[in-house]
There are 2 protein chains.
Amino acid sequence: MTVDPLAHPTSDDVAARLRSRGLRVTGPRLTVYRTLARLGGHRSADQVAAAVAGDGPGLPRTSVYNALKALADAGLVAAVDAGPGTALYEVHGHSHHHFLCRRCEALLDVPAATPVQDLLGLQLPGAVIESAQVVLRGVCPQCAGTPAS
Amino acid sequence: MTVDPLAHPTSDDVAARLRSRGLRVTGPRLTVYRTLARLGGHRSADQVAAAVAGDGPGLPRTSVYNALKALADAGLVAAVDAGPGTALYEVHGHSHHHFLCRRCEALLDVPAATPVQDLLGLQLPGAVIESAQVVLRGVCPQCAGTPAS
DNA sequence: ATCCAGATTTAGACCCTGTACAAATTTAGA
DNA sequence: TCTAAATTTGTACAGGGTCTAAATCTGGAT
């Protein structure tokens, strides 16, 4: 079993990453991370909680939220705002942005070929930009091909 | 009184814009739009509702939400996600993006000198990109100058 | 000028996501 | 092994937004 540099971090990687941020390595955090990685894509906290519950005793809702927050602080998980009251989480992989279709509500990944924060950072002297989230809205290619209802 | 091309749209402009989208021109929609324009900046739905109430009989909370949604559909108002469960609205003026300070929670405007959607649109062939929202996160210039607590 | 169909407003209850709290438990270093 | 501090857990709570159905209003047709 060779090491694939593109694969998700192993549990050991996750543990090291948490420790390096001064966060403790706990069961819920590893469970939530592994579940989110296995599910892939954009998932709500409750989707994660449901998936965790499907694998065994499950975790309280609050614990899933706590774990997601800790993982996000450690930079292992990214939170995406897909509208008010709709937070989605995903394992932090290669940088990309999001496109939200107004017609079918699909959430598509958009490659981040351009370093957006570099461009915009110039406009905000003195600020430390730690992350940039881009949400594009419009009509996705599939819906654009069919006439509006 | 000359026409200032940089001024907010008049009520007539707003009415025309609503009609062009197949939306009806109603009292609540005009009231909400005018109030948001008068307040300026980024406002929550409840802030708008409170301001409306201060001017007379007020509007039910639901009506404010409905109106904001209709105005957003018409492109007259922009909704900014400033984290989960925190939607802010602003009159859709010149394109700009937002920076959210992790330390003091300030929400700053960032000039959009670069046409972000043009850059990213290239990555999504066939899609109709109607808006691009960029939320930068980090530490604002003021907080960056003071040591962390 | 009046009418009508359909969109919109309104009022209320409701849901959902996330947070606050305090006690029990667990981690990690001594 | 032992201890202090971080974390988990269960419960309750809060804010923001949505759903529903009846009343009202808009805008085109008559």
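Labels below follow one simple rule: chain letters A, B, ... track the order of the sequence lines, proteins then strands, and each chain is numbered from 1.
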When all nucleic acid strands are considered with a 4.0 Å heavy-atom cut-off, which category describes A:Ala87: base, sugar-phosphate, or nothing?
sugar-phosphate
Look at the side chain of B:Ser63 and the backbone N and O of B:Leu59, then say whether any donor-acceptor pair between them is shorter than 3.5 Å.
no
Apply side-chain contact (heavy atoms from CB on, under 4.5 Å) to B:Thr26 and list each qualifying residue two or more places apart in sequence or on a separate chain.
B:Arg24, B:Pro28, B:Arg29
What nitrogen or oxygen pairs link the protein and nucleotides 24-30 of chain D at under 3.5 Å?
from	atom 1	to	atom 2	distance (Å)
D:dT26	O2	B:Arg24	NH1	2.8
D:dG27	OP1	B:Arg19	NH1	3.4
D:dG27	OP1	B:Val25	N	3.1

B:Leu71 and B:Leu18, any side-chain heavy atoms less than 4.5 Å apart
yes
Axis-to-axis angle between the two ends of the helix from C:dA1-D:dT30 to C:dA30-D:dT1 (five base pairs per end, rounded to 10 degrees):
40°
Quick one: does A:Val110's side chain get under 4.5 Å of A:His98's, heavy atoms only?
no
Quick one: are B:Cys140 and B:Phe99 in side-chain contact, heavy atoms under 4.5 Å?
yes
May I ask you to decide whether A:Arg34 forms a salt bridge with A:Asp55, counting only side-chain N to carboxylate O separations under 4.0 Å?
no
Between the CZ atom in A:Arg19 and the CG atom in A:Leu23, the distance rounded to the nearest 0.5 Å is 11.0 Å
Nearest-Å distance, NZ (A:Lys69) to P (D:dA6)?
16 Å
Is there a path from B:Val80 to A:Val135 through hydrophobic residues (I, L, V, M, F, W, Y) whose side chains come within less than 4.5 Å of each other?
no
Could you tell me the boundaries of the chain B footprint on DNA chain C, defined by atoms under 4.0 Å from its heavy atoms?
C:dG6 to C:dG18
Side chain of B:Arg43, backbone of B:Leu39: donor and acceptor closer than 3.5 Å?
yes
Supply the atom-to-atom distance B:Leu100 CG to A:Ile129 CD1, rounded to the nearest 0.5 angstrom.
12.0 Å
Residues of residues 43-66 of chain B with a heavy atom under 4.0 Å from any atom of DNA chain C, listed by number, are B:Leu59, B:Pro60, B:Thr62, B:Ser63, B:Asn66
Just checking, any donor-acceptor pair under 3.5 angstrom between side chains of B:Asp109 and B:His97?
no
What residues form a salt bridge (Lys or Arg N to Asp or Glu O under 4.0 Å) with B:Asp46, not counting sequence neighbours?
none
Can a side-chain donor-acceptor contact be found between A:Glu90 and A:His96 if the only test is distance below 3.5 angstrom?
yes
